[in-house]
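Remarks on the structure that follows.
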Amino acid sequence: MQAINATLNRFLAEAKPSATYRVMDRVAARRAEGKSIVSLSAGEPDFDTPAPIREAGVTAIRCGQTRYTQVAGLRALREAVADKFRRENGIDYDWRQTLVCTGGKQVIFNALAATLNEGDEVIVPAPYWVSYPEMVQVCGGRPVIVECGVQSGFKLTPAQFDQAIGPRTRWVILNSPSNPTGAVYSRAELQALAGVLLAHPHVMVLSDDIYEHLIFDGQPFFTMAQVEPRLRERVLTMNGVSKAYAMTGWRIGFGAGPEWLIDAMEKLQGQQTSGASTISQYAALAALTGTQDFVRESRTVFQRRRDLLVERLNRTRGLRCEVPQGAFYAFASCEALIGKTTAGGRPLASDEDVVNALLDEAGVAAVHGSAFGLGPYIRIAYALDDAMLTRACDAIERFCDSLSP
Ligand code: GLU
């Protein structure tokens with residue numbers, strides 16, 4: 001008998017598994033063992049999906065809306081998506097230039113898989129969301145990581161951007177507000193990057209706007225296709241309902257861009273998932289067309305939690321944290337903890353050691369910054385109520401206080 005050939009696709013074999021999911025899996029495993037863990041790891045709102053949206057899903061089931069939709073999504077939802085971009089972002093997309101996918105992740109993956117040939121480059125500013133470079137890698141491309149440290153507010157500067165562009169560059173991925181830093185690009189900052197793009201007509205922009213509504217201190221939100229209409233034919237604007245309406249499990253993301261790209265993404269999706277869940281699409285339609293009160297209310301709650309968390313982190317010995325402008329993550333430097341030893345006798349040589357020790361010795365789960373391309377940092381998701389957040393902060397503080405030099 002011939003042995004089974006377990007050879008994997010080489011692009012997949014070289015990709016890393018999702019670091020965020022690995023931490024979430026570890027939390028689930030610890031909890032299954034009966035341990036009490038406060039999780040600051042999962043990047044998802046802790047609220048329930050608003051009742052009218054849930055009802056829309058139930059109604060869809062009751063009314064028998066349980067068959068396939070068109071691959072690119074229900075026409076009514078695509079029209080609602082085009083309307084959202086017009087209403088909230090001032091970008092005029094025809095509904096045919098939109099595509100509904102199974103979560104924001106599939107929008108990004110489809111775009112990369114549809115366009116990358118082996119060796120094509122994608123500029124990914126770091127810190128980045130863990131999946132961008134791995135998706136590029138899986139699609140045969142080469143992620144070009146550009147480190148954007150605290151001195152530039154964790155944002156890509158026009159000079160860095162210009163330098164990173166080469167003849168093989170296909171895309172740059174922008175994410176504002178950012179996962180993991182909460183950094184937000186202003187209109188002027190996007191315009192400056194647009195200036196670079198205008199000089200390099202072969203580069204496309206993937207604008208991941210999934211945290212659009214979680215932006216604080218009354219700051220306005222801007223996206224590339226809006227600030228520089230001359231780039232419109234080169235931008236894929238991506239968003240979804242997961243973060244804005246607490247709908248992570250419904251798995252609905254959407255994108256809008258040039259028709260040739262949307263058509264290619266649709267072709268790929270038609271050979272892959274056939275499209276997003278019909279029931280979820282009806283719920284997403286209710287989210288986009290219904291009252292937007294929840295969006296405003298959750299923004300207020302997250303801003304209060306941000307203030308509580310950042311104040312506590314900056315009072316904790318060995319941690320230092322900028323005030324994030326959006327999303328629901330704090331990205332705290334743990335540089336001063338490196339080289340110390342925990343009360344349990346574990347040496348802390350990296351941010352990964354710090355998060356592992358925090359989990360095992362303090363019962364708090366966070367994600368190491370190096371998974372997002374910049375260490376030594378820890379990413380703390382504050383999608384928890386005030387009491388749990390305070391409990392987590394107390395545990396982190398005790399952990400840091402108990403370290404020996
Ligand atoms: N985007 C979230 C996070 O960063 C969800 C997990 C994931 O898909 O990576 O935690």
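Counting starts at 1 for both ligands and their atoms, following the listed order.
- Of all protein heavy atoms, the one lying nearest to atom 7 (C) of ligand 1 is Thr20 OG1, 3.4 Å.
- Only the side chain of Asn179 comes within contact range of ligand 1, with a heavy atom under 4.0 Å; no backbone atom does.
- Annotation: Phe154 is in aromatic contact with Tyr377 [ring centroid separation under 6.0 Å].
- Between Tyr21 and ligand 1, no N or O atom pair is found at a separation short of 3.5 Å.
- With Ser18, Ala42, Gly43, Ser41 as candidates, the residue nearest to atom 2 (C) of ligand 1 on a non-hydrogen basis is Gly43.
- Residue Glu121 forms a salt bridge (Lys or Arg N to Asp or Glu O under 4.0 Å) with just one option from Arg170, Arg168, Arg142, and that option is Arg142.
- With sequence neighbours excluded, the residues forming a salt bridge (Lys or Arg N to Asp or Glu O under 4.0 Å) with Arg10 are Glu118, listed by chain and number.
- Among residues two or more places apart in sequence or in another chain, the salt bridge (Lys or Arg N to Asp or Glu O under 4.0 Å) test is passed with Glu79 by Arg75.
- Here Tyr329 has side-chain heavy atoms under 4.0 Å from ligand 1, and that is the only part of it that gets that close.
- Formation of a donor-acceptor pair under 3.5 Å by the Thr273 side chain with backbone atoms of Gly275 is found in this model.
- Selection from Arg379, Lys243, Lys105 by nearest heavy atom to atom 10 (O) of ligand 1 gives Arg379.
- A ring-ring contact (aromatic ring centres under 6.0 Å, His included) with Tyr329 holds for exactly one of Trp129, Tyr211, Phe372; it is Tyr211.
- Residue contacts with ligand 1, taken as heavy atom pairs separated by less than 4.0 Å, involve Met24 solely via side-chain atoms from C-beta onward.
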